[in-house]
Student: 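Have a look at the structure that comes next, please.
No experiment lies behind these values; they were computed from the predicted model shown. By convention in this document, chain letters (A, B, ...) are assigned in the order of the sequence lines, proteins followed by strands, and residues within each chain are numbered from 1.
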2 protein chains.
Amino acid sequence: MSIRKGRSVTISDVAEAAGVSRAAVSKVLRNAYGVSPGMRQRVESTIEQLGYRPSVAARALRGSSYRLGLEIPYTGARFMTQIVEGAKRAVAGTPYQIILAPADGPEYDTLESLADGLVDGIIAISPLVDQGWLEDLARRVPVVMLGRHDTPAGYDTVTGDDHAGARAVMEHLLSLGHRRIAHLTEPENVTAPGSGTPHSVRLEVYRACMAEAGLADQIRVARRDVSGGDAVAAAAALLALPEPPTAIFAGHDDMAVDALAAVARAVAVAGRDKTVAVAGYDNTDLAAHPLIDLTSVDQQGVEMGAQAATMLLERLQGRSEPRHYVAATQLRIRSSTAL
Amino acid sequence: MSIRKGRSVTISDVAEAAGVSRAAVSKVLRNAYGVSPGMRQRVESTIEQLGYRPSVAARALRGSSYRLGLEIPYTGARFMTQIVEGAKRAVAGTPYQIILAPADGPEYDTLESLADGLVDGIIAISPLVDQGWLEDLARRVPVVMLGRHDTPAGYDTVTGDDHAGARAVMEHLLSLGHRRIAHLTEPENVTAPGSGTPHSVRLEVYRACMAEAGLADQIRVARRDVSGGDAVAAAAALLALPEPPTAIFAGHDDMAVDALAAVARAVAVAGRDKTVAVAGYDNTDLAAHPLIDLTSVDQQGVEMGAQAATMLLERLQGRSEPRHYVAATQLRIRSSTAL
DNA sequence: GTGAAAGCGCTAACAC
DNA sequence: GTGTTAGCGCTTTCAC
């Protein structure tokens, strides 16, 4: 299965053409110390002339690939756009590039395959992997985890303030007079109590707020299908309850948008009034759309992505003490929760 | 499954532990010819035991990285989700993996950086790069281009049938009695006549259909901001014309959704009836949402992504004659164009 | 069927 | 300041 890639120009070609050693070219490439301006000049113009581009594979084998891997569990999740945007912004102007690795199955596999020498560092959104396993991984390659409320020693974390964000949603809904408030969330494997995933925290806060408000008996939790499908059916099931909720707090905007779909369908079919409030999380682009107009929690996804990339760059510079960044949240109230 | 601390285990470690040569391990790894069952067995269990994972960089340097690069111009575009999904599906079960490279600026850079030995092949969505340049690139590494209506010799192409798709939209709108039909499209650099980009074709078809219907004087083309922002302002400008269009044909669903936003805002502000029909292209998930319910052209994005990946795999198997795949389109009529 | 050995393109010590 | 050299981990003839 060997592919003949057209032979490209190597560092030796450049060295020969410029009449210097390969090491000299390498130094120019990396802005390393010990190159005279004259030689730098000569080498650079030779590089330009020959159209030389360093082989990432060869560099990676010896030093760094100048690639940062960003693992994304689900390509379609709108929140990812913010993260990617932030990460791209943070590496702009550095020699590093972001590559995205869509998780095609168990996230362990994706992360390992990233760690197989392809990238210099990893940003990942993997609530499902074990902390110990991650600490091991982090010994091999710098790691920044997004959305994990653990406090590991070996890697950095970037999270939103899920406690505050979820509480803001609940207080908003309660202050509106809602009592039958349901929570629409991810499958159970992502919300195990104490697991420290964002969705487990949001769920816990939901439960706590309901209990505090004396509404423990009104707690209703619906979950989207494990298969990664949409949450419309789960939301529809809520609406079909004998005493349907008057408000749905969805774990993120994508599910909230699905909930709005379920509500709209119920309205169309049953002719019921659109009395169900819906709130989401992440404040994705779509939330501001006038036809959606979704109340949502802004947790500064772009900033989170940028922080994650910046922290990874810091680790590549040598930092080894862990850092844990928590992004502030702000509730954006829109008409989806209007009275 | 276990990751060892510190320096990772290499092929030599495996060879030593299994009491064979490195070459033997390599052969087992690649299912190459000339390994006895006994030895294979022994090597495999050693690999398992040591948690050995081959270095992608080292493999890439000598042979293949088993990574396919998918360049995506804009992470937020909803159509991309379909492409990625299809590509992932096509490589499932092969030793290859998809990595995504978000274009952070000029697409030339992104493509070159992919070609720098990182991946064995490239799938790209880059209407803006020159065909000659691509042919050069394709000499170095197998390339499949999405959404280019050129017929190059050096690389494969996968497109939708933009002629048929755009015509279906226009015929639909015309049959509904619309005469003031506007087209909302990308900035001019993406729609240059004859450039063969999907959006240039859709625009040409729009113009042709209008002319054929005797509506040449009603042609109105609005473009979204070059900076990559949304198309709401462009759509709003259309609606603010003295004689606003009664229908907007948007170049893709993202812009159509923006158009719906502009319409909704106009309705809210001016109290006008919602009389503007909107049609999109790509039939993204959101189009089916009851609150959006957007008429759109299904061009089988998932299938396109899968085809592209499959064709790339074929090239990696040795095919060198170019293939050009055109996906059939189907108009999905929804209430956004209801009378 | 199996192993020794020569690189792939680059970086990093260490000479000069 | 510049060049020489020894690998990084792997694949791949080519002997045995």
Student: For C:dG1 and B:Arg40 - does any side-chain N or O of the residue sit under 4.0 Å from the phosphate oxygens OP1/OP2?
Tutor: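 So the side chain of B:Arg40 is outside the cut-off, no N or O lying under 4.0 Å from OP1 or OP2 of C:dG1.
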Student: What distance do A:Leu316 atom CG and A:Met311 atom CE have between them, rounded to the nearest 0.5 Å?
Tutor: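 Going from the CG atom of A:Leu316 to the CE atom of A:Met311 covers 12.5 Å.
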Student: Using OP1 and OP2 only, check whether a side-chain N or O of B:Tyr52 sits under 4.0 Å from D:dC10.
Tutor: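 Yes.
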Student: Starting at CZ of A:Arg42 and ending at C1' of D:dT2, how long is that distance when rounded to a whole Å?
Tutor: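 About 11 Å, once rounded to whole Å.
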Student: Does A:Val25 reach a base, just sugar-phosphate, or nothing at all? Heavy atoms under 4.0 Å.
Tutor: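 Counting heavy atoms under 4.0 Å across all strands, no contact is made by A:Val25.
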Student: Find the distance B:Leu118:CG to C:dG9:P and express it as a whole number of Å.
Tutor: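 Computing the B:Leu118:CG to C:dG9:P distance gives 16 Å.
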Student: Round to the nearest Å and state the distance from A:Arg30 atom CZ to C:dT11 atom C1'.
Tutor: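 Interatomic distance, CZ of A:Arg30 to C1' of C:dT11: 5 Å.
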Student: Quick one: on DNA chain D, does A:Gly19 or B:Arg62 contact a more 5' nucleotide (nearest heavy atom)?
Tutor: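 Its nearest nucleotide lies further toward 5', so the answer is A:Gly19.
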Student: For B:Ser26, which contact category applies under a 4.0 Å heavy-atom criterion: base, sugar-phosphate, or nothing?
Tutor: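 Base, at least one base heavy atom under 4.0 Å.
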Student: Between the side chain of A:Thr197 and the main-chain N/O of A:Val190, is any donor-acceptor distance below 3.5 Å?
Tutor: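 A pair under 3.5 Å: yes.
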Student: With nearest nucleotides of DNA chain C determined for B:Val20 and A:Ala58 from heavy-atom distances, which residue corresponds to the more 5′ nucleotide?
Tutor: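 The residue closer to the strand's 5' end, by nearest nucleotide, is B:Val20.
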Student: Would one find a side-chain N or O of B:Arg53 under 4.0 angstrom from OP1 or OP2 of D:dG9?
Tutor: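 Result: no.
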Student: Nearest to the side chain of A:Ser55 - C:dC10, D:dT11, C:dG3?
Tutor: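 So the nucleotide nearest the side chain must be C:dC10.
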Student: Provide, to the nearest angstrom, the distance between the CG atom belonging to B:Leu29 and the P atom belonging to D:dT12.
Tutor: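 About 11 Å, once rounded to whole Å.
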Student: If the test is side-chain hydrogen bond (donor to acceptor under 3.5 Å, both in side chains), which one of A:His324, A:His149, A:Arg148, A:Arg323 qualifies with A:Thr157?
Tutor: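 Between A:Thr157 and the candidates, side-chain hydrogen bond (donor to acceptor under 3.5 Å, both in side chains) is satisfied uniquely by A:His324.
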Student: Where the side chain of B:Ala23 is defined as all heavy atoms beyond and including C-beta, which of C:dT2, C:dG7, D:dT12 is the nearest nucleotide?
Tutor: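 The closest nucleotide is D:dT12.
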Student: I need the CZ-P distance between A:Arg59 and C:dC8, as an integer number of Å.
Tutor: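 Value for this atom pair: 19 Å.
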Student: Among the nucleotides C:dA12, C:dG1, C:dC8, which one has an atom lying closest to any side-chain atom of B:Tyr33?
Tutor: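 In terms of side-chain proximity for B:Tyr33, the closest of C:dA12, C:dG1, C:dC8 is C:dG1.
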Student: Side chain of A:Arg22: nearest nucleotide among C:dG3, D:dT12, C:dT11?
Tutor: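 Of the candidates, C:dT11 comes closest.
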Student: Between B:Ser21 and C:dG3, is there a side-chain N or O to OP1/OP2 distance below 4.0 Å?
Tutor: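 For C:dG3, OP1 or OP2 has a side-chain N or O of B:Ser21 closer than 4.0 Å.
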Student: Provide the closest heavy-atom pair for A:Ala24 versus A:Met39 in the form atom of the first, atom of the second, distance.
Tutor: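 Heavy atoms only, the tightest pair is CB-CE, 2.5 Å.
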Student: Does any N or O in the side chain of B:Ser26 come within less than 3.5 Å of the main-chain N or O of B:Arg22, such that one atom is a donor and the other an acceptor?
Tutor: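 Judged by distance alone, no pair lies under 3.5 Å.
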Student: I'd like to know if B:Lys27 reaches the base of C:dG3 with its side chain such that a donor and an acceptor end up less than 3.5 angstrom apart.
Tutor: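 Flag set: donor-acceptor pair detected.
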Student: How long is the line joining CD1 of A:Ile11 and C1' of C:dA12, in whole Å?
Tutor: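 So the CD1-C1' distance, A:Ile11 to C:dA12, works out to 12 Å.
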Student: With a 4.0 Å cut-off, would you call B:Arg319 and B:Asp156 a salt bridge?
Tutor: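 Judged by the 4.0 Å cut-off on N to carboxylate O distance, B:Arg319 and B:Asp156 do form a salt bridge.
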Student: Nearest to the side chain of B:Ser36, heavy atoms from C-beta on, is which of C:dG3, C:dT2, D:dG3?
Tutor: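 Nearest listed nucleotide: C:dT2.
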Student: Taking atom P of D:dC10 as reference, at what distance in whole Å does atom CG of A:Leu61 sit?
Tutor: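 About 9 Å, once rounded to whole Å.
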Student: Can you measure B:Gln41 atom CD to C:dG1 atom P for me and round it to whole angstrom units?
Tutor: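 Value for this atom pair: 17 Å.
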Student: State which of D:dG3, C:dT11, C:dG9 makes the closest approach to the side chain of A:Met39.
Tutor: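 Nearest to the side-chain atoms of A:Met39, counting from C-beta on, is D:dG3.
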Student: Base, sugar-phosphate, or nothing: which does A:Ala24 touch, judged by heavy atoms less than 4.0 Å apart?
Tutor: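 It contacts sugar-phosphate atoms only.
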Student: Select base, sugar-phosphate, or nothing to describe what B:Val35 touches, counting heavy atoms under 4.0 Å on all strands.
Tutor: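 Sugar-phosphate only.
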